[in-house]
Amino acid sequence: MSTGVSSHGRAEVSGRTQRQDNWWLAPLTTFVVFSAFVVYASWRAFAGEFYYSSPYLSPFYSPCLTTNCVEGSSDFGQPFSWWQLSPALIILIFPLGFRMTCYYYRKAYYRAFWLSPPACAVAEPHAKYTGETRLPLILQNLHRYFWYAAVLVAAVLTFDLVLAFRDEDKEWGHAGLGTLLMLINVVYIWLYTLSCHSCRHAVGGRLRHFSKHPVRYRAWTFVSRLNAKHARYAWVSLFSVALVDFYVYLLATGTITDLRFF
Amino acid sequence: MGYDLNLRVWRGDSSGGELGDYTVEVEEGEVVLDAIHRLQATQTGDLAVRWNCKAGKCGSCSAEVNGRPRLMCMTRLADFDEAETITVTPMRSFPVIRDLVTDVSFNYEKAKQVPAFAPTPRDADGKRRMQQADVERGQEFRKCIECFLCQNTCHVVRDHEENKPAFAGPRLFLRYAELDMHPLDTNDRRKLSQEAAGLGMCNITKCCSEVCPENIKITDNAIIPMKERVADRKYDPLVWLGSKIRRRTDREEV
């Protein structure tokens with residue numbers, strides 16, 4: 001344990017904390033859920049199969065840009081012919097980077113995984129702390145670039161949603177349970193992406209004179225409203241993207257058949 | 001309806017101390033500070049406690065109640081079970097003077113290092129003008145009552161005494177943000193906040209926002225925007241290039 005709260009001159013109180021509530025519950029929950037997601041996403045990303053069931057493409061594999069993509073899944077061509085690994089790996093780096101550098105996720109994993117601190121007024125176990133001033137954590141400042149990429153990814157997922165209004169024979173004007181799940185996912189992906197702190201900064205937060213930029217001020221006000229729920233969108237979109245992928249997996253493996261609405 | 005409250009209060013000074021157990025008669029509707037005052041009046045006449053307004057506006061009675069940084073005057077006894085023992089300790093990030101009183105001069109020293117407001121020249125009629133939209137943004141930050149609970153709970157200094165010289169803390173980041181967002185201020189505080197105030201040491205775990213009795217969104221509205229402004233200036237080649245092409249100075253660009 002660091003010498004922080006037991007430093008010379010401070011009140012001598014034994015123990016890491018005097019907190020008597022279940023302060024460990026929130027970081028533990030975060031740890032378990034995030035770990036489960038990482039395990040699931042890794043399995044699905046490295047598998048390289050069962051990610052397409054016409055007309056649905058798993059969001060983990062969208063856009064599918066390599067020559068080893070299954071037939072019908074490459075709506076944007078296959079420019080990465082040299083890539084021999086799972087097609088997901090070439091895409092997931094962007095949403096992964098976006099979430100890893102996200103201000104909300106940083107809070108969550110610094111607390112849950114690095115215990116820095118595990119909870120407010122609970123002493124962290126590290127003897128030294130330099131924050132985000134050095135490599136690798138100084139790279140968190142690249143968050144805005146991952147946000148630019150995340151906007152493109154969200155646009156691609158929206159395109160996939162439009163394509164999902166077809167049936168398995170690619171006839172337009174149909175929808176199934178997969179379409180609904182993709183719709184929910186796309187809505188939350190956009191809410192998460194647009195509520196990002198870097199987005200808030202880009203649209204107007206960096207201004208000193210709101211009054212000179214009324215349109216950007218209105219945009220900032222709108223994004224600020226979304227930003228207040230950024231953490232909620234981060235969680236829901238994490239589940240929704242995994243749910244869509246799992247649904248496509250079940251369809252692709254023949255475990256279930258798509259529930260068609262019309 | 002009164003009841004007997006079990007109270008544990010830290011007594012001592014910088015050379016040492018311990019938690020003492022007391023039983024204090026309290027009344028319905030009272031707050032922790034009332035219980036501390038009654039303890040002082042009836043059992044421990046020399047108990048040191050700093051307080052003033054008893055209305056959550058002066059920021060004097062900051063302490064830790066059951067380990068959580070709180071204003072004692074805003075912590076209702078009704079929030080606890082009557083049989084529960086309430087533990088009150090001084091803020092644990094600052095040197096203790098005696099009992100519940102700590103030396104918070106660290107915060108004032110850091111405040112001295114923030115360059116003062118340096119306004120633009122007056123308009124031709126001798127006045128300075130700001131639009132309401134520009135005024136509103138900084139008003140949230142001016143709600144700060146300087147209770148220093150955010151400074152106390154921030155793990156950067158709470159858990160690492162050695163970081164104090166390099167880190168100003170969330171209360172001062174509020175001040176940097178307020179001035180940097182001020183349309184009439186002429187200083188560029190982005191470099192200063194990153195280098196002298198240690199903004200990069202904050203890992204945005206939001207404890208400052210959690211404990212703020214004024215519910216100021218310190219992390220979302222001050223620290224993160226300042227981090228983004230620093231990223232503009234220091235880590236974003238596109239913003240740098242844009243400002244060069246348009247031949248704007250750092251302060252004029254926004």
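Keep in mind that the numbers below use all heavy atoms, side chains included, and drop hydrogens, waters and symmetry copies. In what follows, every chain begins at residue 1, and chains take the letters A, B, ... in the order their sequences are listed. As the structure is a prediction and not an experimental result, all values here were calculated from the model.
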For A:Tyr109, is it the side chain, the backbone, both or neither that has a heavy atom under 4.5 Å from a heavy atom of chain B?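 It is neither, since no heavy atom gets under 4.5 Å.
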
Under 4.5 Å from a heavy atom of chain B, the part of A:Leu137 involved: neither

Has [X] got more than 12 heavy atoms of other residues, nucleotides or ligands less than 6.0 Å from its [atom1]?
X	atom1	result
A:Phe37	CZ	yes
A:Tyr40	OH	yes
A:Arg232	CZ	no
A:Phe34	CZ	yes
B:Glu136	CD	yes
B:Lys234	NZ	yes
A:Trp114	CH2	no
A:Arg218	CZ	no

Measure the spacing between [atom1] of [X] and [atom2] of [Y] and express it to the nearest 0.5 Å.
X	Y	atom1	atom2	value
A:Glu12	B:Asp13	CD	CG	9.5 Å
A:Cys120	B:Arg68	SG	CZ	7.5 Å
B:Ser14	A:Arg10	OG	CZ	13.5 Å
B:Leu238	A:Tyr145	CG	OH	3.5 Å
B:Asn66	A:Gln20	CG	CD	4.0 Å
A:Thr17	B:Glu64	OG1	CD	7.5 Å

Which of A:Ala228, A:Ala121, A:Ser14, A:Ala108 touches chain B most, by non-hydrogen pairs under 4.5 Å: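 Greatest number of close heavy-atom pairs with chain B: A:Ala121.
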
Output the option from A:Ala119, A:Ser211, A:Ser7 having the highest count of non-hydrogen pairs under 4.5 Å with chain B.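 Looking at each option in turn, the highest pair count goes to A:Ser211.
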
B:Arg137 to A:Trp220, cation-pi by 6.0 Å centre distance and 45° axis angle: yes

If every non-hydrogen atom of [X] is compared with every non-hydrogen atom of [Y], which pair is closest and at what distance?
X	Y	value
B:Lys206	A:Arg111	C-NH2, 4.0 Å
A:Val122	B:Asp159	O-OD2, 4.1 Å
B:Thr205	A:Ser116	CG2-O, 3.8 Å

Test salt bridge (Lys or Arg N to Asp or Glu O under 4.0 Å) on A:Glu132 and B:Lys227 and set out the steps. CA-CA 11 Å; A:Glu132 297 177 342; B:Lys227 277 182 172 268; 2.9 Å; yes

Is it the case that A:Ser198 and B:Glu228 place a side-chain donor and acceptor less than 3.5 Å from each other?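 Checked: A:Ser198/B:Glu228 side chains pair up, N/O donor to acceptor below 3.5 Å.
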
Testing the 3.5 Å rule here: is there a donor-acceptor pair between the side chains of B:Tyr235 and A:Gln140? no

Assess whether a salt bridge exists between B:Asp232 and A:Arg144, defined as any Lys/Arg side-chain N lying under 4.0 Å from an Asp/Glu carboxylate O.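 Result for this pair is yes, salt bridge flagged.
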
Ionic contact status for B:Asp185 with A:Arg208, cut-off 4.0 Å: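 The answer is yes: the pair qualifies as a salt bridge.
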
For B:Asp134 and A:His209, indicate whether the former's side chain and the latter's backbone hold a donor-acceptor pair under 3.5 Å.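 Side chain of B:Asp134 to backbone of A:His209: no pair is present.
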
Side-chain donor/acceptor of B:Arg229 to backbone N/O of A:Gly205, under 3.5 Å: yes

Counting only non-hydrogen atoms closer than 4.5 Å, does [X] touch chain A with its backbone (N, CA, C, O), its side chain (CB onward), both, or neither?
X	answer
B:Gln132	neither
B:Thr85	backbone
B:Asn221	both
B:Ile204	both
B:Ser93	both

Is the ring pair B:His160/A:Tyr129 parallel, tilted or perpendicular, if the boundaries are 30 and 60 degrees? parallel

Side chain to side chain donor-acceptor pair (under 3.5 Å) partner of B:Asp220, chosen from A:His230, A:Arg200, A:His197: A:His197

With chain A, which of [options] has the greatest number of heavy-atom pairs at distances under 4.5 Å?
options	result
B:Val96, B:Asn203, B:Thr102	B:Asn203
B:Ser15, B:Ala231, B:Pro225, B:Gly200	B:Gly200
B:Gly12, B:Gly198, B:Cys202, B:Cys208	B:Cys202

Quick one: does A:Gln18's side chain get under 4.5 Å of B:Val65's, heavy atoms only?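 Result no, sub-4.5 Å side-chain heavy-atom pair not found.
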
Apply side chain to side chain contact (heavy atoms under 4.5 Å, CB included) to A:Lys212 and B:Gln131, showing your working. CA-CA 9 Å; A:Lys212 290 183 182 175; B:Gln131 299 299 311; over 6 Å; no

